[in-house]
Amino acid sequence: MNRKTIILTLTLLSILAFAARLGTDIYFKAWRTPSAMEHRPIAQALVHGKGFTFGDWKYYGPTSAQSPPFPFLLAAMYKIFGAVDDNGMFVKTNEYNAYIAILALIALAGAALVWLTYQMTRTLGGTPLAALIAAAL
């Protein structure tokens, strides 16, 4: 298997991974019913400068209910798209745009994982064909 065939196959697999993920998000309108759970109020608190806090179970304060990466990403997107107004209320259209941007980032990450999986398999001693199969999976 030559290098050109491998690169072409990986490129096609990446495009397919991106299109499948984003297509599924668009088909199900995933931005309308986000599964942000505790991420949403934590991100809202971050936007308003209250820190990594969450209020539930008759408690409001620092939390470890969720790991930090997604709430910080969500807060950044809320800030960029203006999804939370000065009163702490959500602006629906802007919140949807923030989620759409995150869904696109996740689809890009999935496409990048095709290449990373290929490289990891090759690094661990797999043949080029085995690495392509792993990347496709």
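Atom set for the values below is all heavy atoms of this structure, side chains included, hydrogens, waters and symmetry mates excluded. In this chain, numbering begins with 1 at the start of the sequence shown.
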*Atom pair CD1/CG of Ile133 and Leu13 - distance to nearest 0.5 Å*: 11.0 Å
*Examine Leu132 and Leu12 and state if one hydrophobic cluster contains both, with Ile, Leu, Val, Met, Phe, Trp and Tyr joined whenever side-chain heavy atoms are less than 4.5 Å apart.*
no
*Closest heavy-atom pair and its distance - Trp31, Tyr96*: O-CD2, 3.4 Å
*Kindly compute the distance separating CD1 (Ile102) from CG (Leu74), expressed to the nearest 0.5 Å.*
4.5 Å
_Same apolar cluster (I L V M F W Y, side chains within < 4.5 Å links), Met77/Val91_ = no
*Quick one: pull up CD1 in Ile26 and CG in Leu103 and give me the separation to the nearest 0.5 Å.*
9.0 Å
*Indicate if Leu137 and Tyr118 have the same hydrophobic cluster label, given that clusters are the connected sets of ILVMFWY residues with side-chain heavy-atom separations under 4.5 angstrom.*
yes
*Within one Ile-Leu-Val-Met-Phe-Trp-Tyr cluster: Ile100 and Ile80, side-chain cutoff 4.5 Å*: yes
*Taking all non-hydrogen atoms of both residues into account, name the closest pair between Ile6 and Pro128 and its distance.*
CD1-CB, 3.9 Å
_My understanding is that only one of Thr11, Leu10, Thr5, Thr9 makes a side chain to side chain contact (heavy atoms under 4.5 Å, CB included) with Ile7; could you say which?_
Thr11
*Would you kindly confirm whether Met1 and Trp115 end up in one hydrophobic cluster when ILVMFWY residues are joined by side chain heavy atoms under 4.5 Å apart?*
yes
*Minimum-distance pair of heavy atoms, taken over all atoms of Pro71 and Pro68*: CD-O, 3.2 Å
*Determine the minimum heavy-atom distance between Leu46 and Ala75, stating which atoms define it.*
CB-CB, 3.8 Å
*Heavy-atom closest contact (Val114 atom, Ser14 atom, distance)*: CB-OG, 3.6 Å
*Kindly determine whether Asp25 and Ile106 satisfy side chain to side chain contact (heavy atoms under 4.5 Å, CB included), including the steps that lead there.*
CA-CA 10 Å; Asp25 290 336; Ile106 292 170; over 6 Å; no
*How long is the span from the CG atom in Leu108 to the CG atom in Leu113, to the nearest 0.5 Å?*
11.0 Å
*asked:* Between Phe52 and Phe72, is the ring centroid distance below 6.0 Å?
replied: yes
_Heavy-atom closest contact (Phe81 atom, Ala98 atom, distance)_ = CD1-CA, 3.7 Å
*Do Asn94 side-chain atoms and Gly82 backbone N/O form a donor-acceptor pair below 3.5 Å?*
yes
*asked:* Side chains of Tyr78 and Glu95: any donor to acceptor distance under 3.5 Å?
replied: yes
*Distance under 6.0 Å and angle within 45° of ring axis: Arg40 vs Phe90*: yes
*Any side-chain heavy atom of Phe54 sitting closer than 4.5 Å to one from Gln66?*
no
*Should Ile42 and Thr63 count as side-chain neighbours, where that means a heavy-atom distance under 4.5 Å?*
yes
*Euclidean distance, Lys79 NZ relative to His48 NE2, rounded to 0.5 Å*: 8.0 Å
